[in-house]
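Worksheet: one structure, shown below.
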Amino acid sequence: MEKDVAVAIGPQSSGIAHVISQVSNELHVPLLSLATDPTLSALQYPYFLRTTQSDYFQMYAIAAFVEHYGWKEVITIFVDDDYGRNGISVLGDALAQNLAKISYKAAFSPGASTDNIADLLVKVNLMESRVFVVHVNPDSGLGIFSAAKSLGMMTNGYIWIATDWMPSVLDASEPEGNDTMNLLQGVIALRHHTPDSVLKKRFMSRWKNLKYAGNWSINSYSFYAYDSVWLAAHALDSFFNLGGNISFSNNPRLSSSNDSSLNLTSLRIFEGGEQLLKILLAVNYMGLTGQIQFDSERNLVHPSFDFINVVGTGSHRIGYWSNYSGLSVVAPETLYQNPGNRSSGNQQLYSVIWPGQTTKKPRGWVFPNNGKPLQIGVPYRVSFKEVVSKDKDPPGVSGFCIDVFEAAVNLLPYPVPHNYVLYGDGLRNPEFSDLVNDVAQNKYDAAVGDITITTNRTRIVDFTQPFMESGLVIVAPVKESKSSAWAFLKPFTVQMWCVTGAFSLFVGAVVWILEHRINTEFRGPPRQQLMTILCTGIAMVGLLYVLRWSMLVEVDASDSAGENTASTLGRMVLIIWLFVVLIINSSYTASLTSILTVQQLSSGIDGIDSLISSNAPIGVQDGSFAHKYLVDELNIAKSRIVNLRDPDAYASALQRGPKNGGVAAIVDELPYVELFLSSINCRYKIVGQEFTKSGWGFVFQRGSPLAVDMSTAILQLSENGNLQRVHDKWLKKSACSTTADQVEENRLSLKSFWGLFLICGTACILALVVFFCRILYQYSRYSSLEAGEGNIEVGDAVSSRRPIPSRRTSFKDYFDKKEGEIEKA
């Protein structure tokens, strides 16, 4: 920089790039750098332009790869300098977005000896994760894999991911021998993606013809360096074409003291630096590495990488990653032509040959190699010991939860050494939330028991798939309901009774209208006809009439409360109404039978709402989350909550009642309530519905991969029926009858039968329409005949047998006449 410089290219070292960038800013000299440190930003260094891809994107590519295979923890091995630290910091952020993390950062100083590296690998090999990300300088990278090979860490079960340093070493060196490639078998590495363009092929052809090139290959950084030189040339050419002039001026802020060896006064400011920078930021052309264009953050557009897998004596590409579409087996430059799609179903890679020459995806973790089995906390229960309890025989505990856990562990493809540790004093049930907190604080590796999955608990630990459905319910005292003189009214609601009665009268009226003119039994004095209407509809509701249903098909007329129907329309209406009556009668009988055998509440509590509004004491189980839920979520006063030790305390508290120091109801989870009710011969009942939905799960520390595998095993137990068999072994008891509020549920309402009434009503209306159309037509003809006969002479009238009416017949009189009488007249 002591000489006048208009544009600088390099360096590749991130540490040196920080220093040079500061100088370039002071001298207004654009710096085209190949440094990949993500902390080198245009915000801090306005004249810094990165002409390669930032490690920011490379780390996000690694995070996408880790997510694709479902791993949750990685161990990073990196050189402890700006390049290594800053890259790994970005990787941690990228993994966190996918709910993964760096479980351990293994850093070593630049120039570390082979022994130091071996000691570091021994340390990480004792840890749980088997996914290693190696982000180092090219000079120390192969030494890490040599040490890993000697320690047996390049075998089945290990995953090694190397950043772009490894392809740079392999591509830029002479063909490696078998010894070097044997160190890297199964390793995954990232390489900057450069499209296979015509321009690139021409360059490679010219490169091979150079005498000094020999058999040497070039790596992706060589392509970026080539493009950087041409970028500077294009920019300077445009600068001169626009009338730019290379001129410099002194900077008064740069001065050196007499005793300083730095010749700062020789550094001069490039006056055209700002103009040249604008030209560089505006370029857009195709180079060897693809499109040369800078985005708003002064990074090259379309960052992308190749994923390569080292196999045999070479490597093959298993896919790509781009900031545009994520993981893909299609080249990024092809995908740029289509809308971006980063959905999980669109993320694809070809198969990988992992260390150990296997194509099966490694699990990614093992139990720490420190000889210690998992320490599993188990609640020391004093009640409901069918769920989990202390046992004299190994393993020291037994119960439903223990059998489920052991069955799930047996389905895992690897052994899980573990010890059970009782949690609690055995005098009262322990606080389950305290046990969960101890797992979160690493006092236990896991917890097995009837531990309810709640929102607050999931924030600090990981739960497995629920192995038992649960939820809070209310238990209250009940008594047998005494038979009532009006019990027969309970099957129907008031609305149902009213509609049924109204329809009975309606059908009776319709039948009377249809039968009045042709049926003698539907005629007579008004009082008799009114009784006929009432009997016709209502009598058919009775069971006697329903039993005579089968006779309708065989006789000419149906007998309805003593009256025979003669018209076709009347019979049609009766048949449909009798069908409705048959269904209603059957439903009524079933509902009445159920109601007469159902118990009813002896208290005013019929659900969670009435329990909240009352001031009665509420019983909960020791250690249950129900206490916290009632207080924090439902705002019930703590003074109303009574902790109960066991089922005997439940029964005693309910029997005494709130007036005698007991409780009005008990709130507990459904599995416990079912066990409690079966133990007391169902003397109490569940009130209302389950007002929370949750389940029991096994607890593991946050991020533990064992939680995922155990969830899969629990699903397998559920699918093959073993989970139900374990449940039946421990928890299947004599079932109690339905809940105490079933009386209301068994009552029949109109909504269950409105379709039947609609059909019957429609039939009645259609029959009336047909009937009145017919009678109106007959009346019109009769009226015409009367009008013609009125003009006959008296002499003719005397000789005529038909008498001349004194006045015209009204429609009412005509309707009231029997049809036979009109025909005779």
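Every heavy atom of this structure was used, including side-chain atoms; hydrogens, water molecules and symmetry mates were not.
Arg428 contributes no side-chain N or O that, together with a main-chain N or O of Arg381, makes up a donor-acceptor pair within less than 3.5 Å. Looking only at distances, no side-chain donor or acceptor of Ser704 sits under 3.5 Å from a matching main-chain atom of Gln701. A donor-acceptor contact shorter than 3.5 Å links the side chain of Asp81 to the backbone of Gly84. Checking side-chain atoms of Arg640 against main-chain N and O of Pro617 turns up no donor-acceptor pair under 3.5 Å. Distance alone, capped at 3.5 Å, is enough to place a donor-acceptor pair between the Arg457 side chain and the Thr452 backbone. Side-chain atoms of Asn125 never come within 3.5 Å of backbone atoms of Leu121 as a donor-acceptor pair (strictly under, hydrogens ignored). Looking at Glu669, its side chain never comes within 3.5 Å of a backbone N or O of Ser470 through a donor-acceptor pair. Under the 3.5 Å distance criterion, the side-chain polar atoms of Ser711 are matched with a main-chain donor or acceptor of Ala707. Checked by atom type and distance alone, the side chain of Thr36 never pairs as donor or acceptor with a backbone atom of Ser54 at under 3.5 Å. A donor-acceptor pair under 3.5 Å links the side-chain atoms of Thr712 to the main chain of Val708, judged by distance alone.
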Would you please test Val122 and Leu151 for side chain to side chain contact (heavy atoms under 4.5 Å, CB included) and show each step? CA-CA 8 Å; Val122 169; Leu151 294 173; 3.8 Å; yes
Decide side chain to side chain contact (heavy atoms under 4.5 Å, CB included) for Leu95 and Lys101; before the verdict, give the C-alpha distance in whole Å, the side-chain angles of both, and the deciding distance to 0.1 Å. CA-CA 5 Å; Leu95 290 172; Lys101 66 177 182 179; 5.7 Å; no
Determine, step by step, whether Tyr414 and Asp709 satisfy the side-chain hydrogen bond (donor to acceptor under 3.5 Å, both in side chains) criterion, reporting the C-alpha distance in whole Å, the side-chain angles of both residues, the deciding distance to 0.1 Å, and the verdict. CA-CA 10 Å; Tyr414 49 86; Asp709 291 348; 2.6 Å; yes
Does the pair Tyr650 and Gln621 meet the rule for a side chain to side chain contact (heavy atoms under 4.5 Å, CB included), with working shown? CA-CA 9 Å; Tyr650 282 20; Gln621 183 184 172; 2.9 Å; yes
Verdict with reasoning, Phe400 to Glu386, per side chain to side chain contact (heavy atoms under 4.5 Å, CB included): CA-CA 6 Å; Phe400 168 69; Glu386 302 93 333; over 6 Å; no
Checking ring-ring contact (aromatic ring centres under 6.0 Å, His included) for the pair Phe467/Phe698: CA distance, chi angles, key distance, verdict? CA-CA 8 Å; Phe467 61 88; Phe698 301 131; 4.5 Å; yes
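Screening residues 67-101 for ring pair (Phe, Tyr, Trp, His ring centres under 6.0 Å) gives Phe65-Tyr69, Tyr69-Trp71, Tyr69-Trp354, Trp71-Trp354, Tyr83-His135 as the qualifying pairs, with residues at least two apart or on separate chains.
Contact check for Tyr56 versus Pro303: no side-chain heavy atoms found under the 4.5 Å cut-off. Looking at heavy atoms from C-beta onward, Val663 lies in side-chain contact with Leu654 at the 4.5 angstrom threshold. Taking 4.5 Å as the limit, every side-chain heavy atom of Ile453 sits out of range of all side-chain heavy atoms of Ser694. Side-chain contact between Arg85 and Ile88: absent, with no pair of heavy atoms (C-beta onward) separated by less than 4.5 Å. Taking the side chain as every heavy atom from C-beta outward, Ile460 and Val436 approach each other to under 4.5 Å. When side chains are defined from C-beta on, His727 does not count as touching Leu723, because their heavy atoms never get closer than 4.5 Å. With contacts defined as side-chain heavy-atom distances shorter than 4.5 Å, the pair Arg645/Val382 qualifies. With a 4.5 Å cut-off on side-chain heavy atoms, Val74 and Ile102 count as touching.
For Lys123, the NZ atom is loosely surrounded, since the number of other residues' heavy atoms within 6.0 Å does not exceed 12. No more than 12 heavy-atom neighbours from other residues, nucleotides or ligands sit within 6.0 angstrom of CD on Glu297. Within a 6.0 Å radius of CD in Glu406, other residues, nucleotides and ligands contribute more than 12 heavy atoms.
Trp696 pairs with exactly one of Phe432, Phe625, Phe463, Tyr672 by the ring-ring contact (aromatic ring centres under 6.0 Å, His included) rule, that one being Tyr672. Here the options are Asn429, Leu675, Asp622, the test is side-chain contact (heavy atoms from CB on, under 4.5 Å), and the partner is Ser383; only Asn429 passes.
When every heavy atom of Ala408 is checked against every heavy atom of Met710, the shortest pair comes out as CB-CE, 3.5 Å. Of all heavy-atom pairs spanning Ile680 and Ala651, the tightest one is CG2-CB, 4.5 Å. Between Glu128 and Pro705, the shortest heavy-atom distance links the atoms OE2-CD, 3.4 Å. Contact between Ile474 and Ala665 at its shortest, heavy atoms only, is CG2-CB, 3.7 Å. Closest non-hydrogen pair, Phe145 versus Trp160, comes out as CE2-CE3, 3.8 Å. Heavy atoms only, all atoms of each residue included: Tyr158 and Pro362 are closest at O-CG, 4.4 Å.
Separation of atoms CD1 (Ile159) and CZ (Phe132) is listed at 8.5 Å; rounding is to 0.5 Å. Separation of atoms CG (Leu717) and CG (Leu411) is listed at 5.0 Å; rounding is to 0.5 Å. With rounding to the nearest 0.5 Å, the separation of CG in Asn442 from CZ in Arg702 is 15.0 Å. Taking CG from Asn722 and CG from Asn410, the interatomic distance works out to 10.5 Å, rounded to the nearest 0.5 Å. One finds the CZ atom of Phe57 at 14.0 Å from the CD1 atom of Ile62 (value rounded to the nearest 0.5 Å). A distance of 9.0 Å separates CG of Leu634 from CG of Leu611, quoted to the nearest 0.5 Å.
Asp728 and Gln724 are linked by a side-chain donor-acceptor pair at a separation below 3.5 angstrom, with hydrogens and angles left out of the test. Side-chain contact check for Asn156 and Thr358: no donor-acceptor pair (N or O, by modelled atom type) lies under 3.5 Å. At a cut-off of 3.5 Å, with distance as the only test, a side-chain donor of Arg656 or Ser652 sits close to an acceptor on the other residue. Side-chain atoms of Thr454 and Asn456 include no donor-acceptor pair closer than 3.5 Å. When only modelled atom types and interatomic distance are considered, Asp438 and Tyr423 share a side-chain donor-acceptor pair under 3.5 Å.
Residues satisfying the salt bridge (charged side-chain N to carboxylate O under 4.0 Å, His left out) test with Lys360, not counting sequence neighbours, are none.
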